[in-house]
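Chain letters run A, B, ... following the sequence lines, proteins first and then strands; every chain starts at 1.
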Amino acid sequence: MNALLEQSIHGLHASYLDGSRRPTDTLDECLAQIERTEALGAFVRLDQAGARRDAEAADERSKRGALRSPLDGVPIALKDNIITKGLETNAGSKILEGFVPPYDATLVTRLREAGAVIVGKTNLDEFAMGSSTEHSAYGATKNPWDPSRVPGGSSGGSAVAVAARQVYGSFGTDTGGSIRQPASLTGVYGLKPTYGRISRYGLVAYASSLDQAGPFARRLDDLAVLYLAVAGFDPKDATSHPEAVPDPNACTASGMAGLKVGLPSEYLTEGLDPEVESAVRLAAKWLEDAGAKIVPISLPHTRYALSTYYLIATAEASSNLARYDGLRYGPRAKSTDLARTIVESRHQGFGAEVKRRILLGTFVLSAGYYEAYYARAQKVRTLIRRDFEAAFQDVDLMLTPTSPVPAFELGARLSDPLAMYLADVCTLPVSLSGLPALSAPVGLSSAGLPLGAQLIAPWWQETRLFEAALVFEARTDLAQRAPPAAYAADSS
Amino acid sequence: MSLSSLSEVRERFEIVIGLEVHAQLCTRSKLFCPASAAFAGDLANVHVDEYSLGLPGTLPVPNRRVIEMAIRTGLALRGEISRRSVFARKHYFYPDLPKGYQISQYDQPIIRGGVLEITGDDGQPKRVRLNRIHIEEDAGKSIHRPGGEGSLVDYNRAGVPLLEIVSEPDIRSPEEASRYLKALRAILTALEVSDGNMQEGSFRCDANVSLRPMGETEYGTRCEIKNLNSFRFVEQALEYEVSRHAELLHEGKTVTQETRLYDSDRRQTRTMRTKEEALDYRYFPDPDLPALDVPQAWVEREAARLPEMPVAKFERYAKLGVPRDAALFLSEERELGNYFDAALQAEPELGPALAQLIMGEILRELKEDSTGIRQAKVSGPDVAKLVRARSEGTISSTQQKKLLTQLWRDGGDVNALLEGEGEQVSDSAALEPIVLRVIAENEAQAVEYRAGKHKLIGFFVGRVMKEMQGKANPKAVQDLLVSKLGGGPS
């Protein structure tokens with residue numbers, strides 16, 4: 001076990017400040033760890049040259065005592081649907097093979113300004129469509145707690161990069177649970193902020209009304225640093241929230257005293273793994289011990305969330321993915337006929353799951369079906385949101401499972417799309433409502449797999465998520481416990 | 001019997017036309033991104049950025065100026081400004097459409113209704129109702145190389161802001177359609193929302209046309225003719241289409257609903273796609289753009305800034321005694337109208353003479369130079385000075401013409417030039433011999449004049465001026481002629 005790799009971001013920063021460490025040393029450690037654990041398939045692309053250059057620049061700043069932020073010189077990873085200038089971005093799809101963006105996503109610009117060292121791009125389900133990181137044109141990512149199992153998805157690569165100590169933090173995107181569910185399955189913290197909190201400018205769009213970026217970390221103080229570096233208004237995103245971002249670094253576990261935490265009954269019923277349920281109930285007990293009052297609540301429209309999500313997300317996806325025609329970027333199929341060129345480029349470029357969602361979404365928006373499906377789904381979405389509005393009149397926070405089951409076997413759900421879709425049943429209603437939510441590790445299953453709990457706060461109340469999660473962090477060191485595969489190469 | 005002549009058609013059928021105009025807004029940047037919206041001529045793909053090219057991850061942010069221009073247009077055309085409107089995506093695949101969809105407005109446009117007043121075919125004022133005005137982004141431009149050499153795409157225009165102005169089917173002839181378009185273009189240029197440049201594609205139109213038997217209240221089957229980019233093509237295409245429908249109906253056949261293209265070389269329309277081939281655009285609200293809420297303050301501010309509308313201008317000119325044709329022309333051509341107004345401000349009494357000079361000499365000069373009036377070296381007030389001098393008789397019309405040409409070419413100080421030209425002969429002692437000689441040489445006209453045909457005085461003045469090579473004061477010449485001829489209007 002390498003002690004440096006278990007360091008916190010604040011700890012690293014302190015060692016840069018007192019000169020006991022240099023950012024290039026940290027980068028070397030991370031690159032070595034990435035190589036040791038390469039079999040997990042967390043990364044699709046490393047940017048060794050770029051990372052080296054940035055780390056050396058951080059070295060210089062460190063010597064001059066001019067570090068820009070706690071993230072300066074800290075190696076991090078980005079999901080490969082986050083646009084990076086000069087660094088190929090494929091979003092897990094063949095249709096973007098060879099695409100080198102000429103611009104940075106806003107969150108990348110902010111990370112660079114903070115001095116973060118971007119080590120590379122992580123694997124994901126193609127266009128973030130999936131819950132296992134198996135639907136990638138560049139191979140599946142494996143769970144470091146059990147490499148025969150999935151890490152969850154779609155941000156599986158970013159979750160694993162953090163869980164396997166390859167980097168100090170990473171960013172993913174969450175459309176229906178794509179940060180929270182892999183965080184839960186790999187035993188790390190994952191935050192999906194309120195929709196509009198982090199700029200979507202430069203995220204390869206899947207479903208625009210749901211997509212939201214967020215960080216993964218092994219510690220809550222790391223998570224707070226990462227989140228704060230990128231959150232806040234961006235004039236390039238018309239759905240971006242204009243108000244200031246409350247600082248989660250100021251949160252303490254004592255903030256839970258006197259708060260009311262709702263346990264929605266709809267999330268604790270059928271299909272739920274008993275070990276997941278007992279982990280969530282244990283987490284509730286911890287909150288109670290910290291002075292919170294636990295109350296049962298009901299969110300009656302929860303059962304419509306899955307179908308509502310798959311109508312809205314696929315409709316938006318069919319539109320967002322219309323630009324991939326092979327004409328301006330990405331591979332172009334050979335044909336002399338324009339229509340055939342477009343059809344063939346898309347046929348060859350998209351994987352099966354993406355095609356399935358484009359077809360569904362195209363149907364949903366078609367003349368004659370729009371009212372029955374898309375318009376109706378929007379109405380149900382409002383009802384789901386109102387459930388939360390009403391419940392938050394009474395409670396300050398909610399606690400649910402993140403995933404109904406721990407990590408499942410690779411390939412187990414590939415042939416059954418519906419079973420795969422059910423992996424997100426606890427996270428979808430939150431996405432449809434635009435609420436902030438955090439997945440925290442709260443236990444291990446009897447098979448040694450991480451179990452996660454989802455905290456849900458009212459809109460723009462991310463700090464409350466941190467307050468509750470701090471209670472968990474004080475009661476379990478799970479996230480700071482390295483998974484078996486993190487150091488596999490050392491022991492074998 | 002053939003029904004090919006339009007007048008025959010018009011006796012039997014009523015022509016029903018509705019127009020959809022796409023006017024490019026003259027903003028600095030594009031509708032949803034900071035790239036330049038300027039026309040780049042032959043330079044392809046220079047006004048593009050990551051959004052214009054539809055690169056993954058890019059997002060639209062509405063240009064505030066476009067919203068203001070739409071409001072101004074809505075107010076001028078007396079439409080209802082929607083407090084809340086929605087941007088929607090319209091999907092189709094084509095290489096010049098970089099995102100695979102166009103951002104437009106669908107069931108919630110920014111302006112509903114409206115009215116445009118034109119002169120109807122009966123010469124009476126006619127109100128053409130508007131259905132809606134909405135904001136949308138333009139596509140790029142495909143350039144198809146001949147002989148299967150492939151196609152090129154220029155994305156300079158992709159994302160440039162357009163206003164689509166949709167009329168009700170209230171237009172009843174190709175001529176009315178043309179007048180509607182001229183009036184609309186005049187309003188948009190007066191509002192400074194569009195330059196109305198048809199060659200550059202800033203103002204183009206789709207026309208819906210159908211015929212119905214006289215007295216019928218149901219509309220006939222319509223055809224849409226796409227992308228007409230000159231007033232002349234609109235008229236020609238509509239005339240062709242009207243005849244085509246009339247012949248079909250006359251022969252007992254039916255018109256097929258379809259979208260057609262106009263071939264200006266052959267002066268024909270041809271099928272582009274039939275109703276069965278119509279595209280399902282799968283409109284839905286753009287999730288990247290929140291609903292557009294227009295603050296009342298914006299509406300009030302735009303209302304306060306509305307300039308004089310062409311119709312009001314026309315009436316003002318007509319009241320000054322400017323002939324109708326000239327008044328209409330000057331009211332619809334914004335730049336020339338402004339020039340005229342500048343001249344009028346200097347010489348409010350001389351409206352008709354100023355209009356005559358602008359419609360004559362100045363238009364001729366403009367055509368020869370093919371430059372804009374804004375680049376002219378001689379200003380409106382300078383022109384007013386020339387016309388004043390002419391009306392006072394200190395210069396002749398020949399001199400006025402000469403001075404204008406000189407000023408137009410070289411510029412210069414109009415006062416100094418007038419002083420120079422002012423050294424003309426007005427002394428009757430010097431003029432008398434020539435006046436007497438002209439009278440003697442034109443005995444017959446002198447007799448007629450004395451018999452009461454007083455307008456012949458112009459003839460005599462002209463002769464004397466010619467003899468003097470324009471270097472005489474026409475007023476002095478006339479006074480002298482009247483006294484020498486005798487019996488004149490004194």
Side-chain angles (χ1 to χ4, degrees), chain A residues 81-83 89 91 93 96 99 101-106 127 196 199-205 207-211 234-240 312 315-316 318-325 327-330 336 338-339 341-343 346 361-370 374-375 378, chain B residues 31-34 45 48-64 67 86-103 106-107 140 142 144 148-153 155 158 278-293:
Chain A
N81 62 349
I82 299 171
I83 295 282
T89 303
S93 183
L96 276 174
F99 173 61
Y103 77 102
D104 270 330
T106 295
F127 284 105
S199 172
R200 290 187 298 115
Y201 193 79
L203 306 186
V204 176
S208 310
S209 74
L210 299 157
D211 294 343
D234 177 15
K236 290 179 173 175
D237 176 357
T239 61
S240 169
I312 290 171
E316 293 182 12
S318 73
S319 174
N320 285 328
L321 272 59
R323 68 189 62 199
Y324 305 109
D325 54 13
L327 300 180
R328 285 165 299 279
Y329 43 82
T336 51
L338 173 64
T341 304
I342 296 176
V343 168
R346 289 168 70 80
T362 302
F363 174 74
V364 161
L365 291 178
S366 298
Y369 297 97
Y370 179 89
Y374 186 78
Q378 287 293 6
Chain B
L31 173 50
F32 292 119
C33 66
N45 294 311
V48 295
D49 56 8
E50 62 255 27
Y51 177 84
S52 307
L53 294 174
L55 294 192
T58 55
L59 294 173
V61 177
N63 181 339
R64 183 176 164 155
I67 314 300
V86 171
F87 288 108
R89 296 182 181 179
K90 174 183 180 179
H91 300 85
Y92 59 93
F93 287 106
Y94 203 70
D96 62 22
L97 190 69
K99 298 188 292 295
Y101 57 83
Q102 174 195 30
I103 304 180
Y106 184 51
D107 52 358
S142 296
H144 303 292
E149 290 289 304
S151 298
L152 300 170
V153 190
Y155 292 103
L279 303 170
D280 180 356
Y281 291 122
R282 293 179 286 120
Y283 281 100
F284 83 113
D286 192 324
D288 287 331
L289 291 161
L292 178 63
D293 290 322

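Applying the side chain to side chain contact (heavy atoms under 4.5 Å, CB included) rule to A/Ser240 yields the partners A/Phe233, A/Asp234, A/Asp237; only residues at least two apart in sequence or on another chain are considered.
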side-chain contact (heavy atoms from CB on, under 4.5 Å), that's the test. Do B/Phe284 and A/Gln378 meet it? Break it down for me. CA-CA 11 Å; B/Phe284 83 113; A/Gln378 287 293 6; over 6 Å; no
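The backbone N or O of B/Pro98 lies less than 3.5 Å from a partner atom in the side chain of A/Arg328, making a donor-acceptor pair. Not a single donor-acceptor pair under 3.5 Å links the side chain of B/Asp280 to the backbone N or O of A/Ser366. Between the side chain of A/Tyr103 and the main chain of B/Asp49, no donor-acceptor pair closer than 3.5 Å is present.
Top candidate by heavy-atom pairs under 4.5 Å with chain A, chosen from B/Tyr51, B/Tyr283, B/Tyr281, B/Tyr155, is B/Tyr155. Ranked by heavy-atom pairs shorter than 4.5 Å toward chain B, the options A/Thr336, A/Asn320, A/Asp325 are led by A/Asn320. Of the listed residues (B/Tyr101, B/Tyr94, B/Phe32), the greatest number of heavy-atom pairs within a distance under 4.5 Å of chain A belongs to B/Tyr101. With chain B as the partner, the residue from A/Ile342, A/Val364, A/Thr362 showing the most heavy-atom pairs under 4.5 Å is A/Thr362. In terms of heavy-atom pairs under 4.5 angstrom with chain A, the leader among B/Ser151, B/Pro62, B/Pro56, B/Cys33 is B/Pro56.
The closest side-chain heavy-atom distance from B/Arg282 to A/Ser319 is not below 4.5 Å. Here the side chains of B/Leu53 and A/Arg323 are not in contact, with every heavy-atom distance at 4.5 Å or above. Looking at heavy atoms from C-beta onward, B/Leu55 lies in side-chain contact with A/Pro102 at the 4.5 angstrom threshold. Between B/Pro95 and A/Leu338, the closest side-chain pair of non-hydrogen atoms falls below 4.5 Å. The closest side-chain heavy-atom distance from A/Tyr374 to B/Pro285 is below 4.5 Å.
No part of B/Tyr92 comes within reach of chain A, as not one of its non-hydrogen atoms sits under 4.5 angstrom from that chain. Only the side chain of A/Leu327 comes within less than 4.5 Å of a heavy atom of chain B; its backbone N, CA, C and O stay farther away. Interface remark: A/Ala105 contributes no atoms to any contact with chain B (heavy atom separation under 4.5 Å). Heavy atoms of A/Leu96 lying under 4.5 Å from chain B belong exclusively to its side chain. At a 4.5 Å heavy-atom cutoff, B/Pro34 makes no contact with chain A through either its backbone or its side chain. At a 4.5 Å heavy-atom cutoff, A/Tyr369 makes no contact with chain B through either its backbone or its side chain.
Nearest heavy-atom pair, A/Ile83 versus B/Gly57, reported as atom, atom and distance to 0.1 Å: CG1-CA, 4.5 Å. Residues A/Glu316 and B/Arg89 share a closest heavy-atom pair of O-NH1, 4.3 Å. The shortest heavy-atom contact between A/Tyr329 and B/Gly54 is OH-O, 3.0 Å. Nearest heavy-atom pair, A/Ala238 versus B/Leu289, reported as atom, atom and distance to 0.1 Å: CB-CD2, 4.2 Å. Counting all heavy atoms, side chain and backbone alike, B/Val61 lies closest to A/Pro235 at CG2-O, 3.4 Å. Of all heavy-atom pairs spanning B/Pro287 and A/Thr239, the tightest one is O-CG2, 3.8 Å.
In the displayed structure, A/Tyr370 atom OH is contacted under 6.0 Å by more than 12 heavy atoms of other residues, nucleotides or ligands.
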